J.: 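Sharing a structure, written as structure tokens. Questions coming.
Note that this is a predicted model, so its numbers are computed, not measured. First listed ligand is number 1; within each ligand, the first listed atom is number 1.
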Amino acid sequence: MDAPFQTVDRSAPVPPVADRLKPYLADLDRPVGEAVGLPSWIYFDPAVFEAERKTIFSKVWIGIAYESDVAEPGDVATADYAGWRFIVTRAEDGEVRVFYNLCRHRGMAVLDGPRHQQRTLSCPWHMWSYDLKGRLIGTPNIGGTGVHTTPGIERGELGLVPVRTGRWMGVIFVNIDGKAPPLAEYLKPTTDRLRAFDLSLARESDERFETHFAGNWKLAIEGGVEDYHIPFVHKQLGPSGDFTGEGCDTYVGIACRRSMDIAAVRYAATDAPKEGAPLPLFPHFAGGGSAEASVILSTLPATLVAAVTDHVVVSIFIPESPERTRVRRRFRFVGDAATDAAHAAARRRMRDAWAVVTDQDGPIIERMQLQAPLRDEVGTRPRFSPYWEPAVHHFQKVIAARLTEAA
Ligand code: FES
Ligand SMILES: [Fe+2]
């Protein structure tokens with residue numbers, strides 16, 4: 001009798017992730033309408049997560065935190081990402097610095113959360129202390145009670161280990177292996193694609209929110225770069241307009257041209273009373289008619305900028321484990337509308353509208369995560385709508401290329 005479904009032989013030795021993926025590349029590389037997507041074990045296998053750490057996360061610029069996490073000199077914060085633990089500081093000189101959260105004595109995590117008005121960081125185990133520039137400045141009792149120095153322990157050599165750091169749109173990026181091109185160069189395809197929007201006008205507001213998904217980070221990105229599900233999952237949002245999905249080596253994304261009428265429905269869709277002044281538009285959209293109303297780009301691996309008629313949402317998706325992702329969002333608005341009292345109600349409505357959408361996506365992603373082992377056992381793989389899902393297809397190609405390229 002034929003087997004009712006294709007089973008996976010879990011007793012066989014498991015080859016490296018790159019070797020396991022290679023047989024799927026030819027199907028994936030076909031035109032989007034004919035392509036067959038990647039196997040579902042990429043969403044739950046710890047070996048894939050480890051491979052992503054080595055071949056993706058450590059090699060590119062990862063968005064780990066916001067500058068506003070350390071808004072004032074003396075602010076410090078922790079930032080965790082896929083098993084790495086970082087400390088972010090803003091010292092008296094105003095500079096943002098990132099270090100591994102790793103004491104140079106015996107390796108304790110120095111910091112356990114955000115603090116303000118700090119001059120030093122003290123390790124909780126034996127109280128070695130560091131200034132906010134990472135320099136080791138105190139080794140109490142190292143030579144015996146009351147003796148704070150000892151031969152061989154050179155403070156000048158034992159500062160916190162710094163991480164290469166860059167900033168854009170309020171996001172603090174790090175490059176772990178130190179070999180990525182400069183941040184501006186890495187982001188250039190993204191910033192070029194966003195050129196219609198004058199992002200110099202987009203100022204950060206206090207509007208923000210954070211959540212978690214019990215799902216793999218790639219599911220979150222794939223859900224964010226297609227509009228196919230919008231009328232079914234986000235029924236409150238209006239039509240998509242002229243939709244395109246696109247991508248390159250460093251970003252995937254979607255864009256829509258819309259008339260002002262359609263854009264107003266899509267992005268102001270809450271039942272909240274329309275109190276306060278309406279948000280000002282980006283200049284390229286202020287003339288009316290149809291224009292590029294939204295460009296939503298996820299820069300590899302998972303920093304997502306959504307530039308829309310009158311706001312920008314800057315989101316970082318933080319892979320915490322193969323099956324858990326933290327989502328942080330910060331909202332920017334045009335000029336003074338980011339901070340003035342007249343637009344406070346409109347800012348809040350926009351934040352709330354995005355929170356509703358995010359909360360609608362969460363259960364879908366979590367249910368997809370639960371499906372992944374079943375998809376693996378049965379042996380089904382994704383198919384793509386050529387109209388709606390070229391960016392999802394492209395994302396899978398980029399991930400597969402990174403995971404299979406020579407280590
Ligand atoms: S491990 Fe930090 S002071 Fe000992
Ligand atoms: Fe969605």
J.: Aromatic contact between Trp168 and Tyr186, with the criterion being ring centroids under 6.0 Å apart: yes or no?
T.: no

J.: Test your reading of the model: is there a side-chain donor-acceptor pair from Arg30 to the backbone of Val36, 3.5 Å cut-off?
T.: no

J.: Restricting to N, O or S, what is the name of the atom of His105 that lies nearest atom 4 (Fe) of ligand 1?
T.: ND1

J.: Within the 4.0 Å heavy-atom shell around Trp128, which atoms of ligand 1 are there?
T.: 3 (S)

J.: For the pair His311 and Trp354, name the ring-plane relationship: parallel under 30°, tilted 30 to 60°, perpendicular over 60°.
T.: perpendicular

J.: Does any N, O or S atom of Cys103, backbone or side chain, fall under 2.8 Å from atom 2 (Fe) of ligand 1?
T.: yes

J.: Please find out if atom 2 (Fe) of ligand 1 and some N, O or S atom of His126 are separated by less than 2.8 Å.
T.: no

J.: For Trp128 and His105, take the angle between the two ring planes, folded into 0 to 90°, and tell me which bin it lands in: parallel under 30, tilted 30 to 60, perpendicular over 60.
T.: parallel

J.: For ligand 1, which atoms, with element, lie under 4.0 Å from some heavy atom of Cys123?
T.: 1 (S), 2 (Fe), 3 (S)

J.: Are the aromatic rings of Phe333 and His343 close, with centres under 6.0 Å apart?
T.: no

J.: Under 4.0 Å from a heavy atom of Arg106: which atoms of ligand 1 are those, numbered in the order shown and with their elements?
T.: 1 (S)

J.: Can you name the N/O/S atom of Asp361 that is nearest the Fe ion (ligand 2)?
T.: OD1

J.: Just jot down the ligand 1 atoms closer than 4.0 angstrom to any heavy atom of Met127, in number order.
T.: 3 (S)

J.: Where does the angle between the aromatic ring planes of Phe331 and Phe209 fall among parallel (under 30°), tilted (30 to 60°) and perpendicular (over 60°)?
T.: tilted

